[in-house]
J.: 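Sharing a structure here in structure tokens format.
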Amino acid sequence: MNRTRVLVVGCAGQMGGTLVRTLAGEDDLQLVGAVDVVSVGDDAGVVAGGARADIPVTDNVPAAVAATSPDVGVVFTSPSAGMATVRALLAHRVATVVGTTGFAESDFEEITALCREHDSPALVASNFAIGAVLMMRFAAEAAPHFDQVEIIELHHERKADAPSGTALRTARAITEARAEGPPPAGPEGAPSRGLPHGRVHLHSVRLPGLVAHQEVLFGATGQTLTIRHDSLSRESFMPGVLLAIRRIRGLTGLTREIDSLL
Ligand code: NAD
């Protein structure tokens with residue numbers, strides 16, 4: 001069997017490390033390279049808290065691509081390094097799966113152009129947890145039937161971006177599902193009413209002990225509906241990441257989110 005050769009960038013982080021450990025149990029996927037700016041020279045499997053992988057952590061994406069000829073590059077760097085990594089992978093025609101969050105719309109436009117220029121696919125997902133994808137779908141379905149909606153997203157205290165990519169995407173899906181945005185919710189401009197995204201107010205909570213959680217609260221006369229998803233560990237994201245790795249080479253251009261793969 002030809003195994004898919006995978007390069008993990010951000011391999012010493014929480015998500016990259018979980019992916020390194022997960023890949024070790026997948027017969028059709030093979031970790032061939034691991035990049036990070038910390039733990040350079042150490043064994044990627046050990047750095048990830050698992051068994052030895054006999055793959056040293058290196059700190060240069062083009063060099064790692066040249067040395068390992070990956071089929072797929074997976075990006076779980078911190079947000080500040082995300083675009084540089086995506087540029088480096090696509091420039092070397094590596095199919096690219098991106099979990100790093102915090103991209104601007106202009107970044108997505110650039111990735112679309114890079115995919116075209118280098119004839120290579122990219123998939124960027126703000127949330128690889130399949131339950132979270134369903135939460136967004138269900139929220140879009142409920143949106144036309146309720147007057148108002150607010151989103152509370154809760155994450156660990158080290159998350160670099162706020163609001164989360166998932167909250168922004170959910171707000172966009174809700175707005176698109178309604179003929180008009182929800183009516184204004186008062187008191188407008190009060191500092192504790194959250195960040196208006198369109199007319200959906202977003203609230204971000206950051207606390208140690210949390211992983212990734214979101215509640216979408218709908219309200220109408222005499223009733224509320226709450227849709228909640230909890231990622232209780234980083235393993236919750238892995239089925240979605242593996243799905244993206246297995247399918248990316250059959251895709252063209254930029255795919256946003258894993259919704260279309262389910
Ligand atoms: P983390 O801080 O634990 O890991 C980030 C890693 O990137 C670190 O090891 C860091 O050294 C490394 N890094 C920084 N700059 C680099 C560079 N230039 N080259 C290579 N590596 C570099 O963070 P995390 O919790 O693993 O999250 C990583 C990203 O994934 C964040 O943007 C987070 O929001 C996102 N995330 C996405 C999902 C999803 O489902 N899409 C789920 C959880 C987290």
Side-chain angles (χ1 to χ4, degrees), residues 7-22 33-42 44 46-49 55-65 70 73-89 94 96-104 107-108 111 122-136 153-170 204 206 208-214 229-245 248 255-259 261-262:
L7 172 74
V8 177
V9 188
C11 64
Q14 300 269 10
M15 290 295 290
T18 306
L19 178 58
V20 165
R21 293 196 307 276
T22 303
V35 177
D36 207 299
V37 289
V38 298
S39 303
V40 176
D42 295 344
V46 175
V47 169
I55 306 280
V57 178
T58 61
D59 62 357
N60 183 300
V61 172
V65 170
V74 185
V75 183
F76 274 116
T77 63
S78 30
S80 58
M83 266 313 287
T85 309
V86 172
R87 283 186 201 110
L89 288 170
V94 178
T96 301
V97 171
V98 186
T100 300
T101 55
F103 289 115
D107 295 325
F108 290 114
I111 296 171
L123 182 148
V124 185
S126 59
N127 201 321
F128 282 103
I130 288 165
V133 174
L134 294 176
M135 169 188 66
M136 288 185 249
E153 55 96 345
L154 311 92
H155 282 82
H156 58 92
E157 81 287 10
R158 292 192 309 106
K159 183 169 175 60
D161 51 326
S164 70
T166 302
L168 290 168
R169 185 138 190 108
T170 310
S204 298
R206 297 288 176 267
L210 296 172
V211 178
H213 317 258
Q214 181 168 293
H229 176 259
D230 296 276
S231 274
L232 303 174
S233 72
R234 265 87 185 174
E235 277 75 16
S236 65
F237 302 109
M238 292 302 122
V241 178
L242 297 181
L243 179 69
I245 292 171
I248 180 79
T255 301
R256 289 181 67 172
E257 308 301 328
I258 57 167
D259 209 34
L261 305 188
L262 297 186

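Order of listing sets the numbers, starting from 1, for every ligand and every atom in it.
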J.: Pull out every atom of ligand 1 sitting under 4.0 Å from any heavy atom of Gly10, numbered as shown with elements.
T.: 7 (O), 21 (N)
J.: Specify the protein heavy atom at minimum distance from atom 28 (C) of ligand 1: its residue, its atom name, and the distance to 0.1 Å.
T.: Phe76 O, 3.5 Å
J.: Arg158 heavy atoms, cut-off 4.0 Å: which ligand 1 atoms fall inside?
T.: 2 (O), 3 (O)
J.: Could you check atom 16 (C) of ligand 1 against the protein and tell me its nearest heavy-atom contact, residue, atom and distance included?
T.: Ala81 CB, 3.7 Å
J.: Under 4.0 angstrom from atom 23 (O) of ligand 1, is there any protein heavy atom?
T.: no
J.: Please list the nearest protein heavy atom to atom 10 (C) of ligand 1 with its residue and the distance rounded to 0.1 Å.
T.: Asp36 OD1, 3.3 Å
J.: Heavy atom to atom 17 (C) of ligand 1, shortest distance: which of Val8, Val241, Val133, Val37 holds it?
T.: Val37
J.: Just to confirm my output: which protein heavy-atom neighbour is closest to atom 33 (C) of ligand 1, and how far is it?
T.: Thr101 OG1, 3.7 Å
J.: Any heavy atom of Ser126 sitting closer than 4.0 Å to ligand 1?
T.: yes
J.: Give the residue and atom name of whichever protein heavy atom lies nearest to atom 25 (O) of ligand 1, and the separation in Å to one decimal.
T.: Gln14 CB, 3.6 Å
J.: Can you tell me which residue and heavy atom of the protein come closest to atom 4 (O) of ligand 1, and the distance to 0.1 Å?
T.: Gly13 CA, 3.2 Å
J.: Ligand 1 versus Cys11, non-hydrogen atoms closer than 4.0 Å: side chain, backbone, both, neither?
T.: neither
J.: Any nitrogen or oxygen of Val35 lying under 3.5 Å from a nitrogen or oxygen in ligand 1? Just yes or no.
T.: no
J.: Give me the residue, atom name and distance of the protein heavy atom closest to atom 29 (C) of ligand 1.
T.: Thr77 O, 3.4 Å
J.: Taking only heavy atoms of Pro79 into account, list the atoms of ligand 1 that are under 4.0 Å away from them.
T.: 32 (O)
J.: Looking at ligand 1, does Val9 have a heavy atom less than 4.0 Å from it?
T.: yes
J.: Would Ala125 count as a contact residue for ligand 1, given that I'm defining contact as a non-hydrogen atom of the residue lying under 4.0 Å from a ligand atom?
T.: yes
J.: Give the atoms of ligand 1, by number and element, whose distance to some non-hydrogen atom of Lys159 is under 4.0 Å.
T.: 34 (O)
J.: Among all the protein's non-hydrogen atoms, which is closest to atom 27 (O) of ligand 1, and how far away is it?
T.: Met15 CG, 4.0 Å
J.: Could you list the atoms of ligand 1 found under 4.0 angstrom from a heavy atom of Ser78?
T.: 5 (C), 7 (O), 13 (N), 14 (C), 15 (N)
J.: Taking heavy atoms and a distance under 4.0 Å, where does Phe237 meet ligand 1: side chain, backbone, both or neither?
T.: side chain
J.: Are Glu153 and Arg206 ion-paired here, with the side-chain N under 4.0 Å from a carboxylate O?
T.: yes
J.: For atom 36 (N) of ligand 1, which of the options Gly99, Ala12, Ala84, Gly165 provides the nearest non-hydrogen atom?
T.: Gly99
